[in-house]
Amino acid sequence: MAIVEGGKLVEFNIQMAAREITVGNIYKGIVQKEEKGLQAAFIDYGASKNGFLPFRDIAAGFFGANGKLTVGQEIVVQVLREQTEIKGALLTTYISLPGRYLVLLPNKPSTGISRKIENEEERKKLAKIMSQIRIQEGMGFIVRTAGMNRKQHELLRDYLNTFRLYKEIERQAQNLAPPALLHQESDFGICSLRDYLTPDVESIFIDDPETFRKVRDYCKIVSPKMASRIKAHKEKSPLFNLYDLEEQIGAIYRERVVLPSGGSIIINTTEAMITIDVNSGKASSQQDVEATAFKNNCQAAEEIARQLRLRDLGGLLAIDFIDMENKENIAEVEKAFRNALSLDKARIQMTKISKFGIMEVSRQKKQPTIQEISYVPCPYCHGRGVRPSLEYTAVGAFHKIQSQAVKGIYSSLVITLPQEVAQYLLNNKRGEIFSLEKDHHMAIRIIGSSDMEWDSLKIETIGMPRHASETENTVPRLPAKKTSSERQGQQPNSGFSTPEHSVAEATDMATPTTATDDFERIYDSIMESGEVRLVELTKIFGK
């Protein structure tokens, strides 16, 4: 779903069919446990993780005589925030049912009018109309922005529709055993229409026939006069391409956003918060530093507010503006940012710019961000965006090889590494590997694989024969005697198969490489006895 003003993308939202959105859904759950330290309860509502229900979001009617919840107690909850890989969903018992013009609050007897409606006369008019509508005792409502300029019968009809929906939810809650889904939020098309359709919308284009039918039928019920503005896109060219939106949508996923003055903002997401850095960039060459900083910060304030809506960024944000000395300029930037945020439908709180140039912002987060929905962490860097250098990876691999070799219990090691890492070891660590073989009387084979993940390593070990570990003056058992053709160029068989993608043949310290008569005699004796003392070799070949 894209909202365009004057050819510029101002809001964007997506929903993946494979990823179910649960925000707004209402469930009948079971209390699993209370955590006084966290001031919350954990609720089994049918998801893979128990939901998190803060005590402050529990209506008084759910507490027992002792002011506590009971394990196994049934409770009706609504999802406020999606569950993540780490945390369960955030829940509340204060149900809210959004209609076209009103939000019904079934168990919260408070009334209000959207803060987006700033005209005082309009607010008084709406309050007077709602006072004439008889609301069920114990219930409340909030008049939405779309309710502005609506007549009494339109608001009454919307209230009755949402009230009937709540009664159906109550009936389901009495009949179904927990955990159970009582109410599922409307589909993506209808939610978009309900939340964004206002009188200033000129046209709505939909390229899916089924969605077009659902949205038009819904609009005929809630706002018949607007139904003619809903149009089906039947051209062969993709809808977003037709309005040149693909490039603007692609920019949503980039870390850097360029400002008209030549500066930029850089958006980084961390586990705890989202950081946004404002850079002057090319504009820093101007002579008046204060004027340059003020101009860039004003542009950044508007663009950051737009990016928050486009990317649906939520939680805690820290914005690092360019330092300014003039207090009036600082106040103007704060005002520009506040005005730009007024277009946002999410609840937002902001602080003043601190003496370090930092502004803290809290934005309501209901669902995963655009990046979280569209992207998955890289399996090679695991979301870090960087990978270890070749030298660092190779040195780390050598240390792991070394730790196995010094155990002195293996006759051979077969190490499989990514191709580049294997080549680095064979070209730059050959001497160290040779020393390990010599010092620990073993063979080490390095194999490269083009299929392995970076920074991964596989070690296969071949144990030392028992008698070879009983004395220091013995060498490992040698392989069977080779034929002359094998000695002329074939690789020795060290007791394991060599993959076809081996980058180099290993140096086998235990394999004889001479064909002298003395050596043949010793070699034959080794095959018979299985071992030879180093002193005998010394007598023949010298030290």
Side-chain angles (χ1 to χ4, degrees), residues 16-19 48 84-86 250 253-255 268-271 368 370-464 476 479-480 482 486 489-511:
M16 297 292 185
R19 186 167 186 168
S48 57
T84 65
E85 293 182 1
I86 302 173
Y253 301 98
R254 297 174 194 155
E255 183 182 70
N268 286 311
T269 302
T270 70
E271 182 67 26
I370 297 298
Q371 283 87 346
E372 290 172 334
I373 294 173
S374 309
Y375 283 44
V376 296
C378 170
Y380 296 100
C381 71
H382 305 290
R384 291 173 295 178
V386 294
R387 74 174 190 181
S389 67
L390 174 59
E391 183 177 8
Y392 180 86
T393 303
V395 170
F398 176 75
H399 289 161
K400 292 177 182 177
I401 296 169
Q402 189 178 33
S403 67
Q404 293 295 324
V406 298
K407 292 179 181 179
I409 59 174
Y410 304 120
S411 62
S412 298
L413 295 178
V414 182
I415 298 93
T416 307
L417 297 157
Q419 197 88 19
E420 292 179 61
V421 181
Q423 290 176 344
Y424 184 95
L425 287 177
L426 290 168
N427 292 331
N428 298 277
K429 294 289 183 181
R430 185 179 294 274
E432 289 89 338
I433 294 172
F434 182 88
S435 296
L436 285 178
E437 292 179 310
K438 179 180 178 182
D439 294 342
H440 302 289
H441 310 296
M442 66 187 310
I444 298 176
R445 174 162 295 162
I446 306 294
I447 298 173
S449 170
S450 58
D451 300 326
M452 292 188 73
E453 293 183 8
W454 192 260
D455 201 22
S456 61
L457 173 146
K458 179 182 177 183
I459 298 180
E460 297 178 36
T461 61
I462 298 175
M464 181 84 74
K482 297 191 298 181
E486 287 176 324
Q490 291 185 9
Q491 188 171 329
N493 181 1
S494 301
F496 48 81
S497 59
T498 304
E500 294 180 358
H501 52 259
S502 174
V503 297
E505 293 184 4
T507 303
D508 192 298
M509 297 298 296
T511 303

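These values consider heavy atoms only, across backbone and side chains, with no hydrogens, waters or symmetry-generated copies. A quick note: this is a predicted structure, and the numbers were derived from the prediction, not measured.
A422 and G448 make their closest contact through CB-CA, 3.7 Å (heavy atoms, listed as atom of the first residue, atom of the second, distance). Considering all non-hydrogen atoms of both residues, K407 and S403 come closest at CG-O, 3.5 Å. Of all heavy-atom pairs between P418 and S456, the closest is CD-O, 3.3 Å.
Legend: residues meeting salt bridge (Lys or Arg N to Asp or Glu O under 4.0 Å) with K400, ordered by chain and number and at least two apart, are absent. With sequence neighbours excluded, the residues that form a side chain to side chain contact (heavy atoms under 4.5 Å, CB included) with T269 are I274.
The structure places CD of E460 at 7.0 Å from CD1 of I447, a figure rounded to the nearest 0.5 Å. One finds the CZ atom of F398 at 10.5 Å from the CD1 atom of I415 (value rounded to the nearest 0.5 Å). Taking CG of N428 as the reference point, atom CG of L390 lies at 8.0 Å (rounded to 0.5 Å). To the nearest 0.5 angstrom, L426 atom CG is 6.0 Å from I433 atom CD1. One finds the CD1 atom of I409 at 7.5 Å from the CD atom of Q404 (value rounded to the nearest 0.5 Å). Atom CD of residue E420 and atom CG of residue L425 lie 12.0 Å apart, to the nearest 0.5 angstrom.
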Which is it for L417 and I446 under the side chain to side chain contact (heavy atoms under 4.5 Å, CB included) test, yes or no, and what are the steps along the way? CA-CA 8 Å; L417 297 157; I446 306 294; 4.2 Å; yes
Given Q402 and L436, is the side chain to side chain contact (heavy atoms under 4.5 Å, CB included) satisfied, shown in steps? CA-CA 7 Å; Q402 189 178 33; L436 285 178; 4.0 Å; yes
Go through it in stages, so that I can follow the logic: the residues are D455 and Y392, the test is side chain to side chain contact (heavy atoms under 4.5 Å, CB included), and I'd like the CA-CA distance, side-chain angles, deciding distance and then a yes or no. CA-CA 9 Å; D455 201 22; Y392 180 86; 5.8 Å; no
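Within 6.0 Å of atom CD in E255, more than 12 heavy atoms from other residues, nucleotides or ligands are found, so the atom counts as buried in its surroundings.
The shortest side-chain heavy-atom distance between W454 and V421 falls under the 4.5 Å cut-off. For the pair M442 and L413, the minimum side-chain heavy-atom distance is below 4.5 Å.
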